[in-house]
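Below, chain A is the first sequence line, B the second, and so on; all start at residue 1.
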Protein chains: 2
Amino acid sequence: MDDQRVGRDVGVDLAAVARLLADGTRAAFCLALLDGRAWTAGELARYAGVTQSTATSHLNLLVGGGLLADERHGRHRYLRIADRRVFELIEGLAELAPRQPVRPRSLTVATRQQALLDARLCYDHLAGAVALEIKDAMVERGLLVWDTGQPAAAALTDRGAAWLADVGIVLPASRRPPVRACLDWTERRTHLAGAVGGALCGHALAAGWVTRVGTTRALRVTPLGRQALHDHLGLPIVSSATRGR
Amino acid sequence: MDDQRVGRDVGVDLAAVARLLADGTRAAFCLALLDGRAWTAGELARYAGVTQSTATSHLNLLVGGGLLADERHGRHRYLRIADRRVFELIEGLAELAPRQPVRPRSLTVATRQQALLDARLCYDHLAGAVALEIKDAMVERGLLVWDTGQPAAAALTDRGAAWLADVGIVLPASRRPPVRACLDWTERRTHLAGAVGGALCGHALAAGWVTRVGTTRALRVTPLGRQALHDHLGLPIVSSATRGR
DNA sequence: GGGATGCTTTGACGGCGGTCGAAGCGACAT
DNA sequence: ATGTCGCTTCGACCGCCGTCAAAGCATCCC
């Protein structure tokens, strides 16, 4: 009688994996980690808006389930996506996932979400369509080399260093890699991260090129910023990201 | 304050899709449907060992979420995987899923599961390792052409038709496609389905080549069957599926 | 040493969701 | 017309799991 439940005994526990991603908090963790970097447990907790204790239990599940790998350094716990297969799984889910979940009831919310796609913070650097335009322009002008092979190799050229100085961006002394490729799930492409990405973003905020929208990660490029990006990188005054809307 | 939960507002609701597959019953449905056929709601309910009412609610969720597509014919409701992307998603999950969940506590259960991998029924035809051996042998002998392209094209050759008659297998008159490729998630390869697959399986059961194990889908290949497969297809008497166990 | 800081453990609370049985409804067969 | 079959709806029950606060532990800094 019970034997009729053959569907349960087939030896592949799909639901176990799916359950790991079936929670909003854990999904947020994974989306954040899609940038390929290793985040600390605390960063993830703040990002998802939960307490550290909650984050800990989720992270234990994800690591235990083989979706994430962790590494302890001193009092920090660094998390990253365990595997290329996990990467692809998450992207496959994202492909089928409803966009703009149920939220955009109000126009203001919809606008804010659109802003998120155009320009936003990704940890300490710029992401979204604008970030891609910046990176592409820098590559085109010989400021950056950008080889997205396996593994991705990216670096600042001498000309790029001169450009930074010209713009007035100073790199803080640190052991941090100057240039990193950061994967962007909204655009499915990589943008500029690392020390240069962080410094560039810091400058953009300080100089009023971009301003934060409320307290979210969304950014708005100011007219001043448009002009600056035009002057320094040759970007069009009307960005392709906002063109036609 | 609440706005700090930026991780939730990114506009891609991963968890919603994952939640659909995070239930054992729904996962069983999807695994069953991986064979590419359309099952009725009742078949799926029996397969997973739940009542019809339970199945209905699950199926509504899966269809609503876009993972399954349904089609009504008379009093039947036929379900199938909605999309190639869904196929790939499920396979990606299966790749990461733990095998042999927690169940194999008793030796008899473990043995039964192994039998399920070696030979079993997939609706009306043979699946498992033995089914693959049969298909491969038929291709090698020129009885079958098997092009697993997109879409997969498979057909019986004239020599194949003669072989069927020689063995004593008659195809019932029907509009059913004679040869179909059926995807097998345990082996990650396709085996022989369609009218020929069904007739072959029927003959194998009737002639005592295989017998059912209890009331499950699992099959055991009898010594008589081994001999017959050797005579008709040149398969080794000791199958590669059981060799070394 | 003392005091931050980052993470983990524990315990308690609350809600969501999976389950079934029973009743209802439509399609099909005789 | 009557019965059967396949599916759906409804209502009720129950267990699981995500959440937090508080306390604890380890590490790092001064």
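- Within the 4.5 Å cutoff, the side chain of B/L200 has heavy atoms near those of the B/I134 side chain.
- The two residues A/F29 and A/A48 come nearest to each other via the heavy atoms CE2-CB, 3.5 Å.
- Atom OH of A/Y47 sits about 14.0 Å away from atom OG1 of A/T40, to the nearest 0.5 Å.
- Nearest nucleotide to the side chain of A/R75, out of C/dT19, D/dC17, D/dC28: D/dC28.
- When the nucleotides D/dA21, D/dT19, D/dC10 are ranked by their closest atom to the side chain of B/S53, D/dC10 comes out on top.
- For the 3.5 Å distance criterion, the side chains of A/T51 and A/T54 qualify, holding a donor opposite an acceptor.
- Across the interface with DNA chain C, nearest-nucleotide mapping of B/H73 and A/A41 shows A/A41 to be the residue nearer the 5′ end.
- Considering only side-chain N and O atoms, B/R46 lies nowhere under 4.0 angstrom from the phosphate OP1 or OP2 of D/dC7.
- Taking the side chain of A/H58 as heavy atoms from C-beta on, and the options C/dT9, D/dT19, D/dC17, the nearest nucleotide is D/dT19.
- For D/dA26, neither phosphate oxygen OP1 nor OP2 lies less than 4.0 angstrom from any side-chain nitrogen or oxygen of A/R77.
- The side chain of A/Q52 sits closest to C/dT8 out of C/dT8, D/dT19, D/dG18.
- Using a 4.5 Å cut-off on side-chain heavy atoms (C-beta onward), A/R46 and A/L44 make no contact.
- Set against D/dG18, C/dT9, C/dT19, the side chain of B/S57 has C/dT19 as its closest nucleotide.
- Distance from the side chain of A/H76 is smallest to C/dC7 among D/dC7, C/dC7, C/dG18.
- Not one side-chain nitrogen or oxygen of B/T25 sits closer than 4.0 Å to the OP1 or OP2 atom of C/dG18.
- With the nearest nucleotide of DNA chain D identified for both B/G42 and A/T54, B/G42 has the one nearer the 5' end.
- Listed nucleotides: D/dA21, C/dC28, C/dC20. Nearest to the side chain of A/T51: D/dA21.
- Side-chain proximity of B/L61 to the nucleotides D/dT8, C/dC20, C/dG18 is greatest for C/dG18.
- The nearest whole Å value for the distance from the CG atom in B/N60 to the P atom in C/dG18 is 13 Å.
- In this structure, A/R26 does not reach the D/dT19 phosphate: none of its side-chain N or O atoms is under 4.0 Å from OP1 or OP2.
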